[in-house]
Each structure stands twice: as structure tokens, then as C-alpha cells.
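These notes concern the structure reproduced below.
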Amino acid sequence: GENVEQHPSTLSVQEGDSAVIKCTYSDSASNYFPWYKQELGKRPQLIIDIRSNVGEKKDQRIAVTLNKTAKHFSLHITETQPEDSAVYFCAAVNTDKLIFGTGTRLQVFP
Amino acid sequence: DTEVTQTPKHLVMGMTNKKSLKCEQHMGHRAMYWYKQKAKKPPELMFVYSYEKLSINESVPSRFSPECPNSSLLNLHLHALQPEDSALYLCASSQDPRDSFYEQYFGPGTRLTVT
């Protein structure tokens, strides 16, 4: 089955800096890669996603890149703000299953 | 209405109790999911319902019994749970189980404590 690895597990940045989170997946049949943000005590919420036929997608301060050959994808957050502090999960979707990475706790210090 | 609702928000139950978790969505989604999330861990898939039929059971113990009475409702019946079953139980839904590109919308979860 699919296995998703995520790094780093924790990431601390100064407000205004960029943050990068990286994930690798194992199953080449996976074709959809969403990123979820989960604030403490709240539900996971989709922040950006990318399909396997696209190499990069951007939405304001957030961008995702996908390298299908290497089976890895990354989340880039620019101009970080304290409200970006949360746990971020990458995921890979293969048919009905959403398989999450282990999560990255991002802390943005003012 | 783009929301998945879950009740109750919190539940404390003994190991001999029987209880049920409820999930509801009115977005017309035809795929519904149960996940279990332990502290500082990612959500872990338990069950998938596709057009009101159970399509995936991730080898979940029989003390967890899912039910999908109709296309808007999803229940999780709990019986004879163990303390290690204490976790946040998340429900999710997506538009079309035949298409993996659809976003999964998560409910706020039920925080379950088994004593």
C-alpha cells in the first residue's frame, strides 16, 4: 500500500521568512496530493492540492510542487505569519484512500 | 452548506458501554469516511462508504461498527472499547468516490475517552 513520509517533523521560522515542507510517496499510482492544515483542537482543512498531471500550483503565499519521477512533493509558504502556526499534513490519494504523512508542526515567531 | 457536522463533541464511556457517534453532511457527497486520530499523529483511515455501501474497512476491530442509513448520515457504533481506543474520531465526506480528485471535507471530530 501507499506510504507517505514527511519532513521535517517540526519547523520554527521567524515571521516573514519562508517555510518548506517535503513529502515522498511510494505508490506511483497515486494521482492527487492535497495538503491539510490542522490548528490545535480543530479539524484538518485543505489549503492547497495538486494533481499528478501538474508540476506546480500557487495560491497567494502558498505553493506546491510535484516531481512525479522522484515521487516527491513540497509545500512552500512565503512571508509567513503567526497565524500560519499549525500542524501541516501532506497526503497522497490512491483510489478511495487518503494516506497522510506524519505531519509537520510549524511555529512562526513574531 | 459546506459543512460536515459531528455529534457529540466529547464522549466519555466505560469499557462495557455501548455508544454511537454521528456524522451528517448536506453537500450531496456520495463518499463518507471515518478516521481515528491520536494525539500528535495524522488521521488514520478506518472505513469508507461509497454510495451508502461499505467499500473499505481498514482491518478495524469489530468493536467499531459503521452504519450509513442514508446518503447524508454516517454512524459509528461503539461497543466494549479499550482505553487505547481513546482518540479524536473524524468524519469526512467527498463528492464522488469514483473520482479521487475531490477534496475531503472533515467534521470537527468527537473526542472519545474510554475509562
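Reminder, nothing fancy here: chain letters follow the sequence lines and each chain counts from 1. Because only heavy atoms are used, hydrogens play no part in the values below, and waters and symmetry mates are left out as well, while side chains stay in.
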Heavy atoms from other residues, nucleotides or ligands near [atom1] of [X] exceed 12 (cutoff 6.0 Å):
X	atom1	value
Arg30(B)	CZ	yes
Glu79(A)	CD	no
His79(B)	NE2	no
Lys18(B)	NZ	no

Those residues that, when tested against Ala80(B), pass side chain to side chain contact (heavy atoms under 4.5 Å, CB included) (two or more places apart): none
Is Glu44(B) in contact with chain A via its backbone, its side chain, both, or neither, using a 4.5 Å heavy-atom distance? neither
Which answer fits Ser55(B), side chain, backbone, both or neither, if we ask what part of it has an atom under 4.5 Å from a heavy atom of chain A? side chain
Look at Lys97(A), Lys42(A), Arg105(A) and state which one has the largest set of heavy-atom pairs under 4.5 Å with chain B. Lys97(A)
Residue part contacting chain B, namely of [X], when any heavy atom lies under 4.5 Å:
X	value
Tyr36(A)	side chain
Pro44(A)	both
Gln38(A)	side chain

What's the separation between atom [atom1] in [X] and atom [atom2] in [Y], rounded to the nearest 0.5 Å?
X	Y	atom1	atom2	answer
Thr102(A)	Lys40(B)	OG1	NZ	14.0 Å
Glu3(B)	Arg43(A)	CD	CZ	5.0 Å
Gln45(A)	Tyr105(B)	CD	OH	10.5 Å
Leu98(A)	Tyr35(B)	CG	OH	4.0 Å

Between Ala31(B), Ser94(B), Gly109(B), Gly107(B), the one whose heavy-atom pairs under 4.5 Å with chain A are most numerous: Gly107(B)
